[in-house]
Protein chains: 2
Amino acid sequence: MSSSSSPKYTLHYWPGLPGRGEYVRLAFEATDTPYVDDTDVKNIMPLTSGGVASPPHFAVPILEIPASSGSKRIKTQASQSAPEGAINSAYISQTSAILAYLAPKLGLAGDVDGEGEEEREIRRAHIDQLVLTSMDLCSEAHDTHHPIASSLYYEDQLQESKHRAQIFRAERVPKFMKHFNTVLSSNIAKSHRLVGSTTTTADLAFFQSLEGIKFAFPRLLKAMETSGTYPEVFEFHKSLASEEKLSAYLGSDRRRKFTNGIFRHYPELDGES
Amino acid sequence: MSSSSSPKYTLHYWPGLPGRGEYVRLAFEATDTPYVDDTDVKNIMPLTSGGVASPPHFAVPILEIPASSGSKRIKTQASQSAPEGAINSAYISQTSAILAYLAPKLGLAGDVDGEGEEEREIRRAHIDQLVLTSMDLCSEAHDTHHPIASSLYYEDQLQESKHRAQIFRAERVPKFMKHFNTVLSSNIAKSHRLVGSTTTTADLAFFQSLEGIKFAFPRLLKAMETSGTYPEVFEFHKSLASEEKLSAYLGSDRRRKFTNGIFRHYPELDGES
């Protein structure tokens, strides 16, 4: 797992944006797992059209996993007609499906030595459920600036965006914040982590959504932090950001800045008139 | 797993609507797995507030799993203060997390005797990814009639709904249909199933989203069927609906009718002027 070893995983995602790819990147970075960060659009298209991957993918992020030499892989029509070299790779898409696959392999599933199978499965389901809720927050944040359609310009849905964002700030963000604050406060490990005592993909996913809304709605989040209503959430954020590997990543050039992607800062959507 | 045995699982969901609970119900019904269909709102509230379940849940559906006598369960602060009887249950929420947990237990994960661990994990990830894409279709269908906020009346976001629905019909539904048609046509098992040759939770989830948009947008779906552009999707629908257990369920009183829930039929959103 050292950075010097040859990367096993390739992450395919759009260039220039953190986006949903960043949720996967954090899993690699937090565990010092080498990976190829592929942003060549030419490599993405065939994976969505049914030419190479089976099943074909709806959208990025897409994780590529080379077959390990000893493993058997089902031959598919797609793999038979795939270009040389691609035949041995498997591909997974949908952020939370990728994270559920990677979590146990990267030590982000909270595994405990000697625990029972059922106990492990239920904890993994809890991690999955918390990742999914963080991804819902991500999608809802996106829809504040594109409530009508992703294919239209923001400027052409500005009034609708203002309306949606107002309710997002007043109702939805507080609901998510209260939820995660309660999850954190009801974790008897008192670890500033969502599940158990170690960092899991649930923590990384919530961290990234929180970073996103801090960027997009700085005024709202500042008010929330000052209010003291969700103390566990802000303690969690501080604690996770100071983890050695994550902290190094967050300060590096590899960490992409938020820009005009899923999370966008428009002052008028953050309640500034 | 016969219907006469005592139910192991309890599904907590709102009364009167199929909603996201129906995606879980289909997994039970397609496999003749007994379950308790609990729609008592009084039982839901404590599960979201941190009083009983650890972690607390953001929303329904919530699956309740009693601890099997031999299994060890981590004691949590919540379980220590829970009412007598609740202490032995585990709870999972988020539809796709519930389905990922249940799939292998109900024979809906496409398991093949003698296959390798890695092969099985990747197939499960593919099933998960396809479930998630079907749930995205479900969420987008919902947002056609509530593009601004779920907490506002439809009538108060009618113009925005018409606009969002128009683009949903013209761009999004075709994109989803094309995707699933390609997934079906690239499955070398030629089974009218999304993954491999047996029915999985991926099939059930896509089936339910397809049923939902057929209800909400009958005009659009009729035109799509007649066009012959997505033949595999409509073959899939027919094939799955005629599976013995599913067919019996779909014709029973237990199958809830679509009404004013996630999927709604408003003629003006289906392109009727």
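Predicted model, so just to flag it, every value in this text is computed and none were measured. Numbered from 1 within each chain, the chains take letters A, B, ... in sequence-line order.
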Under a 4.5 Å heavy-atom cut-off, does chain B meet the side chain of [X], its backbone, both or neither?
X      : answer
A/R124 : neither
A/F176 : both
A/L152 : side chain
A/K178 : neither
A/E121 : both

Measure from the side-chain N and O atoms of [X] to the backbone N and O of [Y], and report whether any donor-acceptor pair falls under 3.5 Å.
X      : Y      : result
B/Q129 : A/Q94  : no
A/R164 : B/P147 : yes
B/H126 : A/Y91  : yes

Flag the one option from B/S151, B/A125, B/P56 with the top tally of heavy-atom pairs under 4.5 Å to chain A.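 Most heavy-atom pairs within the cutoff with chain A belong to B/P56.
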So which residue, A/M135, A/E160, A/E117, A/R172, ends up with the most heavy-atom pairs under 4.5 Å with chain B?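 It is A/E160.
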Distance from [X] atom [atom1] to [Y] atom [atom2], nearest 0.5 Å?
X      : Y      : atom1 : atom2 : result
B/I148 : A/I167 : CD1   : CD1   : 7.5 Å
A/S93  : B/L132 : OG    : CG    : 9.0 Å
A/H179 : B/S49  : NE2   : OG    : 12.0 Å

Mind listing the closest non-hydrogen atom pair of [X] and [Y] along with its distance?
X      : Y      : answer
A/I122 : B/A90  : CD1-CB, 3.5 Å
A/P55  : B/V183 : CB-CG1, 3.9 Å
A/S186 : B/S54  : O-OG, 3.8 Å

Student check: side-chain heavy atoms of A/E118 and B/I65 closer than 4.5 Å: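 They are in contact (side-chain heavy atoms under 4.5 Å apart), so the answer is yes.
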Would you say the ring centers of A/F180 and B/F58 fall short of 6.0 Å from each other?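 Not close enough - the centres of the two rings lie 6.0 Å or further apart.
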Give the C-alpha distance, both sets of side-chain angles, the deciding distance and a yes or no for side-chain contact (heavy atoms from CB on, under 4.5 Å) between B/D128 and A/Y101. CA-CA 10 Å; B/D128 197 16; A/Y101 171 84; over 6 Å; no
